[in-house]
Asker: 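Take a look at this one; I'll ask things after.
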Amino acid sequence: MSVISCNCEKSQIYLNENIIYYSLLCGCEDCRQAGEWGHFKGGPEPEKLQKLIYVRSDIKKIVGKQNMHAYQLRRDARSTRIYCKKCYSIIGIDHPNYKDTVFMLIPQLCKTDLDLSIKPVAAIFMNDYPYKDLSMITDDILYLNDFENDEKNKKFDALMSPLRAKYQKPKGISFRDLIKDVEGITVLNLKKGVKTFN
Ligand SMILES: [Zn+2]
Ligand SMILES: [Zn+2]
């Protein structure tokens, strides 16, 4: 049983499965802004190009639900993130595309005993990435802008399809159910392109 914990350990979720299905690097503004906002509130400092991992949405045990709060960046946001209210780590992220089968986490922004040696398959939304440093993108990682190139999209789908988790009914509760059960959802109304908050 693996655990995802915030940095102060007051918010923890224990998973029924300790498998990471795949990993991606993400250059998108939402991942970056969510990390920067958490850091502004006292949370961990995000990496420039964030490593995302995906685990089955099946939670066995929850510790400190009262310390968790769900946020969205904007009114039209699709992703919902659970932060710890005490330390502003992000312990998980849901998106409609995950279909309640997996949820995402960013190991840099929380703590986990999952085996993080998995290599990212692709770097996505690199059109949104504002930094020059590309040193984390090795030759075996597919580089994608905004899914605008059919040939590259096909390559991405071919890489991803064997890795995607098949839906199965969770033994515990899903991450989406947890979102419904914690405080929030608070909409932050962050302006796009902004790095400083108040
Ligand atoms: Zn915490
Ligand atoms: Zn992203």
Side-chain angles (χ1 to χ4, degrees), residues 1-28 30-32 34-35 38-39 43-65 67-71 79-125 136-138 140-142 156 159-179 181-182:
M1 184 170 57
S2 287
V3 61
I4 300 163
S5 171
C6 68
N7 283 357
C8 79
E9 300 187 349
K10 290 196 166 76
S11 305
Q12 300 184 330
I13 49 185
Y14 289 80
L15 304 175
N16 270 315
E17 252 190 34
N18 57 6
I19 299 163
I20 297 175
Y21 283 85
Y22 54 90
S23 172
L24 298 169
L25 299 171
C26 191
C28 89
D30 284 8
C31 284
R32 186 166 53 254
H39 185 48
E45 186 171 8
E47 289 179 292
K48 282 186 195 154
L49 185 57
Q50 305 198 80
K51 182 178 177 176
L52 322 178
I53 60 171
Y54 295 79
V55 296
R56 185 172 294 285
S57 190
D58 187 353
I59 299 166
K60 184 174 186 134
K61 189 175 109 180
I62 300 154
V63 175
K65 200 191 291 176
N67 300 316
M68 300 177 187
H69 194 111
Y71 289 96
S79 290
T80 306
R81 297 170 177 82
I82 296 182
Y83 288 73
C84 171
K85 287 194 289 188
K86 306 281 179 199
C87 72
Y88 287 89
S89 303
I90 301 175
I91 58 170
I93 297 118
D94 183 39
H95 186 283
N97 288 358
Y98 304 162
K99 298 184 168 71
D100 217 17
T101 299
V102 293
F103 70 96
M104 189 259 274
L105 60 140
I106 300 176
Q108 171 75 11
L109 304 181
C110 59
K111 290 204 268 192
T112 180
D113 61 357
L114 287 159
D115 176 6
L116 298 173
S117 61
I118 185 166
K119 278 217 72 170
V121 178
I124 58 172
F125 297 117
M136 49 301 256
I137 307 179
T138 48
D140 51 350
I141 296 177
L142 184 67
F156 182 70
L159 286 169
M160 292 293 291
S161 63
L163 304 176
R164 291 189 196 278
K166 306 263 183 304
Y167 180 78
Q168 61 192 39
K169 201 177 174 325
K171 289 189 213 110
I173 72 155
S174 73
F175 187 76
R176 205 165 276 179
D177 289 336
L178 178 61
I179 288 172
D181 211 18
V182 300

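Residue indices begin at 1 and follow the sequence shown. Nothing here was measured: the structure is a model prediction, and the numbers come from that model.
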Asker: What's the shortest heavy-atom distance between C87 and C8, and which atoms?
Answerer: SG-N, 3.6 Å

Asker: Would you check if V182 and H69 make a side-chain contact, meaning some heavy-atom pair closer than 4.5 Å?
Answerer: no

Asker: What do you reckon, is NZ of K169 surrounded by more than 12 foreign heavy atoms closer than 6.0 Å?
Answerer: no

Asker: Of the non-hydrogen atoms in D100 and S174, which two are nearest, and what is the gap between them?
Answerer: OD1-OG, 3.0 Å

Asker: Roughly how far apart are D113 CG and N18 CG, rounded to 0.5 Å?
Answerer: 8.0 Å

Asker: Would you give the length of the straight line joining atom CG of L114 to atom CG of L105, rounded to the nearest 0.5 angstrom?
Answerer: 6.5 Å

Asker: Between D181 and I62, is there a side-chain heavy-atom distance shorter than 4.5 Å?
Answerer: no

Asker: Not counting sequence neighbours, list each pair that qualifies as a salt bridge (Lys or Arg N to Asp or Glu O under 4.0 Å) and has a residue in residues 8-27.
Answerer: E9-K111, E17-R56

Asker: Should K51 and S23 count as side-chain neighbours, where that means a heavy-atom distance under 4.5 Å?
Answerer: yes

Asker: What pair of heavy atoms forms the shortest contact from P46 to H39, and how long is it?
Answerer: CD-CB, 3.9 Å

Asker: Is the closest side-chain heavy-atom distance between V102 and V55 below 4.5 Å?
Answerer: no

Asker: Tell me yes or no: between the side chains of S11 and K85, is some donor less than 3.5 Å from an acceptor?
Answerer: no

Asker: If I take atom CG from residue N16 and atom OG from residue S57, how far apart are they, to the nearest 0.5 angstrom?
Answerer: 11.0 Å

Asker: Evaluate I93 against I106 for side chain to side chain contact (heavy atoms under 4.5 Å, CB included), listing each step before the verdict.
Answerer: CA-CA 9 Å; I93 297 118; I106 300 176; 4.2 Å; yes

Asker: Any side-chain heavy atom of L15 within less than 4.5 Å of one from I4?
Answerer: yes

Asker: Which heavy atom of C26 sits nearest a heavy atom of C31, and at what distance?
Answerer: SG-SG, 3.9 Å

Asker: Let me confirm one number: the OG1-CZ distance from T80 to R176, rounded to the nearest 0.5 Å.
Answerer: 8.5 Å

Asker: Report the distance from atom CE of M104 to atom CD of Q50, rounding to the nearest 0.5 Å.
Answerer: 8.5 Å

Asker: Check for me whether K60 meets the cation-pi criterion with Y14, that is, NZ or CZ under 6.0 Å from the six-membered ring centre and within 45 degrees of the ring axis.
Answerer: no

Asker: Angle class for the Y54/Y22 ring planes (parallel below 30°, perpendicular above 60°, tilted otherwise)?
Answerer: parallel

Asker: Just by distance, do the side chain of S117 and the backbone of D115 share a donor-acceptor pair under 3.5 Å?
Answerer: no

Asker: For a quick test of reading the model, state the closest non-hydrogen atom pair linking R81 to A34 and the distance between them.
Answerer: NE-CB, 3.2 Å

Asker: When rounded to the nearest 0.5 angstrom, what is the spacing between CG in L25 and CG in L49?
Answerer: 4.5 Å

Asker: Can you confirm whether I13 sits close enough to L178 that some side-chain heavy atom of one is under 4.5 Å from a side-chain heavy atom of the other?
Answerer: yes

Asker: Does the side chain to side chain contact (heavy atoms under 4.5 Å, CB included) test come out yes or no for L159 and L142, once each step is laid out?
Answerer: CA-CA 9 Å; L159 286 169; L142 184 67; 4.0 Å; yes

Asker: What orientation do Y83 and Y71 show, parallel under 30°, tilted 30 to 60°, or perpendicular over 60°?
Answerer: perpendicular

Asker: Are M160 and L24 packed together at the side-chain level, in the sense that at least one heavy-atom pair is separated by less than 4.5 angstrom?
Answerer: yes

Asker: Looking only at non-hydrogen atoms, find the nearest pair between S89 and N7 and report the distance.
Answerer: OG-N, 2.9 Å

Asker: Any side-chain heavy atom of T112 within less than 4.5 Å of one from V3?
Answerer: no

Asker: Side chain to side chain contact (heavy atoms under 4.5 Å, CB included), that's the test. Do K119 and T138 meet it? Break it down for me.
Answerer: CA-CA 10 Å; K119 278 217 72 170; T138 48; 3.1 Å; yes

